[in-house]
Each structure stands twice: as structure tokens, then as C-alpha cells.
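The structure appears below as C-alpha cells.
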Amino acid sequence: MKRLRKALSGAALILATIGPSGLASARADEAMIEGCLKAAAELHQVSAGVLVLLLSVEDGRLGEVSQNTNRTVDIGPMQLNDTWVPKIAEHWRASPDAAYRALRDNFCANVEGGAWILRQALDEAHGDLWKGVALYHSHDPVHQLEYMQLVYAQAMRLKRESARELASADSNGGGR
């Protein structure tokens, strides 16, 4: 969450240069994003931190649809594969078209869909976090390994960044 707050705080500073309404909007966006992550994590009993890691690794954007080489597409911030759309639609009791649009255009819906998929993967993995993360991405062992390595590398990068921030705060008297 700290990494998410830092990234959003940076965005807030940029928006602040365009005026007070920009800063207020950025703070509202930050609160909305954090609220969506917490709600989805709680609803599906998954770690909000893992959702943040997956968001970071996937690096998708709201409204974005990315073409895959296997003729599927990945949708929105969590880059949810469109093969999940019928199942998510059923879970939401919505039409596939409505589910697709929500996943593409609504951050909270996209994160909730991703948390639901992660929950399915964790259940399939009998609670094993890394196997669940791998299954969140793919059932192909090669793709699973590659994805786990990406997520692990991202987690380690964020850990190093956090340690540097703490050391910097301590050396500047920020920890007192």
C-alpha cells in the first residue's frame, strides 16, 4: 500500500501544478483507488498488497485493451484476459457485454474482477500464494514460472525502494 500511496502522491503533486481543483481531484482518485483495493481484497479474502503487485506487474490502464498473440485480449488496469469475461459476467449476474465494459472502463470493477480471479486461483492452489499467483496468470507451466519471476522481481524492487526511503527518512530526521 505504501508504494501505491507514493505513486499516487507523485501524481497528486503533478496535478497540483494545474491548480487546487487538480489536487483535490488527485486526492479523491487516490482515496477511491485505495478504497477499491481494500474492498476487493476483503470481499475475496486476498491480500491487497498482492493486488497492488499484480497491478504493478500488469501495468494496464483504464480503458486499455491489449491484444495477445493467442488472439485474446487483456482488459484494463489488471489486464484481465477476456476469456474470463463470461465467468465474471455470471459472477456479477450481468451480460458479458456489460461485464466487458465494466472491466475496461471502471477501475473498481476491474480490481474486483482481478481479486475474484486471484481467489479462484488461490483456491485451486489450495492456498499456496505463489502457485495461486502463477495460476492467476496462466495454466501453462512455462508462463507460470515467467510470471512468478516477474511478480517476485517486482516485490523485491519495491522492498529495496522502501528500504531506501526509510534510510533516507532516518538520515533526514524523518523517523523522529
Grab the two heavy atoms, one from [X] and one from [Y], that are nearest each other, plus how far apart they are.
X: Pro86; Y: Asp82; result: CD-O, 3.8 Å
X: Pro77; Y: Phe107; result: CG-CD1, 3.7 Å
X: Ile75; Y: Asn110; result: O-ND2, 3.0 Å
X: Ala48; Y: Ala41; result: N-CB, 3.7 Å
X: Ser66; Y: Gln79; result: OG-OE1, 2.8 Å

Lys/Arg N to Asp/Glu carboxylate O, Glu42 vs Lys38, below 4.0 Å: no

Straight-line distance of Leu103 CG to Arg101 CZ, nearest 0.5 Å: 11.0 Å

Distance, nearest 0.5 Å, that separates NZ of Lys159 from CD of Glu161: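 Going from the NZ atom of Lys159 to the CD atom of Glu161 covers 14.0 Å.
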
Report the C-alpha separation of His137 and Glu58 in whole Å, then their side-chain angles, then the decisive distance to 0.1 Å, and conclude whether the side-chain contact (heavy atoms from CB on, under 4.5 Å) test is met. CA-CA 10 Å; His137 180 68; Glu58 293 297 341; 4.2 Å; yes

Residue pair [X] / [Y], side-chain heavy-atom distance below 4.5 Å:
X: Val133; Y: Leu53; result: no
X: Glu112; Y: Cys36; result: no
X: Leu54; Y: Met78; result: yes
X: Val46; Y: Tyr136; result: no

Name the one of Ile33, Val57, Leu37, Val111 that satisfies side chain to side chain contact (heavy atoms under 4.5 Å, CB included) with Val52?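 So the option named by the test is Leu37.
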
Assigning hydrophobic clusters by single linkage (Ile, Leu, Val, Met, Phe, Trp, Tyr; side-chain heavy-atom cutoff under 4.5 Å), is [X] placed with [Y]?
X: Met156; Y: Leu158; answer: yes
X: Leu55; Y: Leu43; answer: no
X: Trp84; Y: Leu135; answer: no

For Asp105 and Tyr100, what are the C-alpha separation, side-chain angles and deciding distance, and is it a side-chain contact (heavy atoms from CB on, under 4.5 Å)? CA-CA 9 Å; Asp105 300 331; Tyr100 178 90; over 6 Å; no

Check: Thr72/Asn70 side-chain N/O donor and acceptor closer than 3.5 Å: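 Distance-only check passes for Thr72 and Asn70.
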
Between Asp140 and Ser138, a side-chain donor and acceptor under 3.5 Å: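 Checked: Asp140/Ser138 side chains show no N/O donor-acceptor pair below 3.5 Å.
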
Which is it for Ile117 and Asn81 under the side-chain contact (heavy atoms from CB on, under 4.5 Å) test, yes or no, and what are the steps along the way? CA-CA 10 Å; Ile117 293 168; Asn81 192 277; over 6 Å; no

Return a table of donor-acceptor pairs under 3.5 angstrom between the side chains of residues 122-129 and protein atoms on other chains or two or more places apart.
residue : atom : partner : partner atom : Å
Asp123  : OD1  : Arg119  : NE           : 3.0
Asp123  : OD1  : Arg119  : NH2          : 3.1
Glu124  : OE1  : His139  : NE2          : 3.1
Glu124  : OE2  : His139  : NE2          : 2.9
Asp128  : OD1  : Trp130  : N            : 3.1
Asp128  : OD1  : Lys131  : N            : 2.8

